> 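The structure under discussion is supplied below as structure tokens; questions concerning it will follow.
Numbers here simply count residues along the sequence, with the first being 1. Computed from a predicted model, the values in this text were never measured in an experiment.
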Amino acid sequence: VDMVDVNGNRICESGTGNGSNYIGGPLQSTTVYPPFDRSLAINGMTLVALPALPNALKVSDNFVETVARCVELILDPDAIGILYDKQAAVLQQMQSLKTIQRIGYVGMGEYSPALSTLPGWDATNDDNANVDFVWELSGVSSADQITEVLEHVLHTITTIGLPGAYPNVFNQTSAYGPTYTAMAEAINNGVFDTSGYSQQPGETLDEFNALLMREYLYLLIFGLMCFA
């Protein structure tokens, strides 16, 4: 994959990628991702938002568009120091795996009956790569909402997208590679505290390590963004 300038726009070079990867929006109604009722394609992923459901409010259109803007800024092809071929590989990886970023209201506990019981839930989650939710929170500070968005958008990009550009560096499927080594060093040095995490019943060690690496990468990038 390589990036070239075409009339002032950064697009994937012919035959090496998809120029639509960087296209964003518009937010539109959809029946493709039930129970989500709206979608917005942005930079290799598709944001999908929940409607009003019993005991839970509808995710606002403005919030979906705000999350889209966050994705746009994180994956800005015109930012200083961007390696266009690598960034294009990240976007192409997410698009090829049909990556979705799920967006809901407040948290899983708001939904009764549970989201997992709704028609289409299993198919949508099985057929499209995804990590976790971005939640539109209520009654919290702007800082808390910003952290919520950044954390889970970064989870999606680092888990699904980055291995497309650097498969060895960002390997998160087993306990080897630079990410695991860096995380282990941070744990041993007392920089990355994992006491709040524990391997769950039925969860393999590789799956647990993947969770830890996902959180480590988020915190590392969050700190480099000067939010920490």
> What residue pairs, at least two apart or across chains, pass side-chain hydrogen bond (donor to acceptor under 3.5 Å, both in side chains) with a residue in residues 27-42?
Arg38-Asp61

> Are Leu73 and Leu83 in one and the same hydrophobic cluster, where Ile, Leu, Val, Met, Phe, Trp and Tyr link if side-chain heavy atoms are under 4.5 Å apart?
no

> For Leu40 and Glu65, work out which heavy atoms get closest and say how close.
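Scanning both residues completely, I find the closest heavy atoms to be CD1-CG, 4.2 Å.
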
> Is the shortest heavy-atom distance from the side chain of Glu185 to the side chain of Val191 under 4.5 Å?
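Not in contact.
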
> Quick one: does any side-chain atom of Asn171 pair with a main-chain N or O of Ser174 as donor and acceptor, under 3.5 Å?
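Answer holds: yes.
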
> Just one of Thr46, Thr99, Asn43 clears the side chain to side chain contact (heavy atoms under 4.5 Å, CB included) bar with Met94, so which one?
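Filter result, single survivor: Thr99.
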
> So do the side chains of Leu115 and Met108 get within less than 4.5 Å of each other, counting heavy atoms only?
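Yes. Closest side-chain heavy atoms under 4.5 Å.
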
> Would you call Val59 and Trp135 a side-chain contact if the rule is heavy atoms closer than 4.5 Å?
no

> Please examine the side chains of Val149 and Phe63, heavy atoms only from C-beta on, and report whether any two atoms are closer than 4.5 Å.
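SC-SC contact between Phe63 and Val149 confirmed.
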
> Between atom CD1 of Ile221 and atom CD1 of Ile74, what is the distance when rounded to the nearest 0.5 Å?
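The CD1 atom of Ile74 is 8.5 Å from CD1 of Ile221, to the nearest 0.5 Å.
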
> Any link between Tyr197 and Ile187 through a network of hydrophobic side chains (Ile, Leu, Val, Met, Phe, Trp, Tyr) touching at under 4.5 Å?
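In one cluster with Tyr197: Ile187, yes.
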
> Any idea which heavy atoms bring Gly164 and Ala89 closest together, and the distance?
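Between these two residues, the closest heavy atoms are O-CB, 3.8 Å.
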
> With side chains defined as the heavy atoms from C-beta onward, is the minimum distance between Tyr111 and Leu118 less than 4.5 Å?
no

> Looking only at non-hydrogen atoms, find the nearest pair between Pro163 and Gln172 and report the distance.
CG-NE2, 4.3 Å

> Give me the atom names and distance for the closest heavy-atom approach of Tyr216 to Ala182.
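Scanning both residues, the minimum pair turns out to be OH-CB, 3.6 Å.
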
> Does the side-chain contact (heavy atoms from CB on, under 4.5 Å) test come out yes or no for Glu72 and Ile42, once each step is laid out?
CA-CA 7 Å; Glu72 183 180 33; Ile42 178 72; 4.2 Å; yes

> How far does CZ of Phe170 sit from OH of Tyr166, to the nearest 0.5 angstrom?
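With rounding to 0.5 Å, CZ (Phe170) is 7.5 Å from OH (Tyr166).
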
> Taking only residues two or more places apart in sequence, or in another chain, which ones meet Ser112 in a side-chain hydrogen bond (donor to acceptor under 3.5 Å, both in side chains)?
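Partners of Ser112 by the side-chain hydrogen bond (donor to acceptor under 3.5 Å, both in side chains) criterion come out as none, since no residue qualifies.
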
> Donor-acceptor pair, Asn125 side chain versus Trp121 backbone, under 3.5 Å?
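Yes: the side chain of Asn125 pairs with the backbone of Trp121.
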
> Could you tell me which non-hydrogen atom of Pro51 sits nearest to which non-hydrogen atom of Pro35, and how far apart they are?
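Closest pair (atom of Pro51, atom of Pro35, distance): CD-O, 3.2 Å.
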
> Would you please name every residue forming a side-chain contact (heavy atoms from CB on, under 4.5 Å) with Ser195, sequence neighbours left out?
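side-chain contact (heavy atoms from CB on, under 4.5 Å) list for Ser195, sorted by chain: Asp193.
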
> Measure the spacing between CG of Leu217 and CE of Met183 and express it to the nearest 0.5 Å.
9.0 Å

> Side chains of Leu50 and Phe133: does their closest heavy-atom pair fall under 4.5 Å?
yes

> Going from OG1 on Thr179 to CG on Leu220, what distance comes out if it is rounded to the nearest 0.5 angstrom?
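The distance works out to 9.0 Å.
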
> Indicate if Met225 and Leu75 have the same hydrophobic cluster label, given that clusters are the connected sets of ILVMFWY residues with side-chain heavy-atom separations under 4.5 angstrom.
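They do share one cluster, since a chain of ILVMFWY contacts under 4.5 Å joins Met225 to Leu75.
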
> May I ask you to test the Val67-Ile103 pair for a side-chain heavy-atom distance under 4.5 Å?
yes

> Transitively linked via ILVMFWY side-chain contacts under 4.5 Å: Val169 with Phe192?
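Yes.
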
> Mind checking whether Ile146 and Asp144 have side chains closer than 4.5 Å, heavy atoms only?
no

> Anything under 3.5 Å between a donor and an acceptor, one on a side chain of residues 153-162, the other on a protein residue two or more places apart or in another chain? List them.
{"from": "His155", "atom 1": "ND1", "to": "Asp132", "atom 2": "OD2", "distance (Å)": "2.9"}
{"from": "His155", "atom 1": "NE2", "to": "Glu215", "atom 2": "OE2", "distance (Å)": "3.4"}
{"from": "Thr156", "atom 1": "OG1", "to": "Gln101", "atom 2": "OE1", "distance (Å)": "2.5"}
{"from": "Thr156", "atom 1": "OG1", "to": "His152", "atom 2": "O", "distance (Å)": "3.3"}
{"from": "Thr158", "atom 1": "OG1", "to": "Leu154", "atom 2": "O", "distance (Å)": "2.8"}
{"from": "Thr158", "atom 1": "OG1", "to": "His155", "atom 2": "O", "distance (Å)": "3.4"}
{"from": "Thr159", "atom 1": "OG1", "to": "His155", "atom 2": "O", "distance (Å)": "2.8"}

> Distance from Ile100 atom CD1 to Phe36 atom CZ, nearest 0.5 Å?
6.0 Å

> Judged by atom type as modelled, is there a donor-acceptor pair below 3.5 Å linking the side chain of Glu207 to the main-chain atoms of Thr204?
yes

> Check Leu205 against Gln199 and note the closest heavy-atom contact, atom names and distance.
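That would be N-NE2, 3.4 Å.
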
> Run the side-chain contact (heavy atoms from CB on, under 4.5 Å) test against Thr66 and tell me which residues pass, sequence neighbours left out.
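By the side-chain contact (heavy atoms from CB on, under 4.5 Å) rule, Thr66 matches Asn62.
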
> Taking only residues two or more places apart in sequence or in another chain, which ones pass side-chain contact (heavy atoms from CB on, under 4.5 Å) with Ala175?
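Expected list: Tyr180, Asn209.
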
> Rounded to the nearest 0.5 Å, what's the gap from CD on Gln93 to CG on Leu97? Could you check?
4.5 Å

> Can you find a side-chain donor-acceptor pair between Asp126 and Thr124 that sits under 3.5 Å?
no

> So, Gln200 side chain and Ser198 main chain: donor-acceptor pair closer than 3.5 Å or not?
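Answer holds: yes.
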
> Please say whether the positively charged group of Lys58, taken as NZ for Lys or CZ for Arg, lies over the ring of Tyr105, i.e. under 6.0 angstrom from the six-membered ring centre and within 45 degrees of the axis.
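Verdict for Tyr105: no cation-pi partner in Lys58.
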
> Quiz question: by atom type and distance under 3.5 Å, do the side chains of Glu136 and Ser60 form a donor-acceptor pair?
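Note: Glu136 and Ser60 side chains meet the donor-acceptor criterion.
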
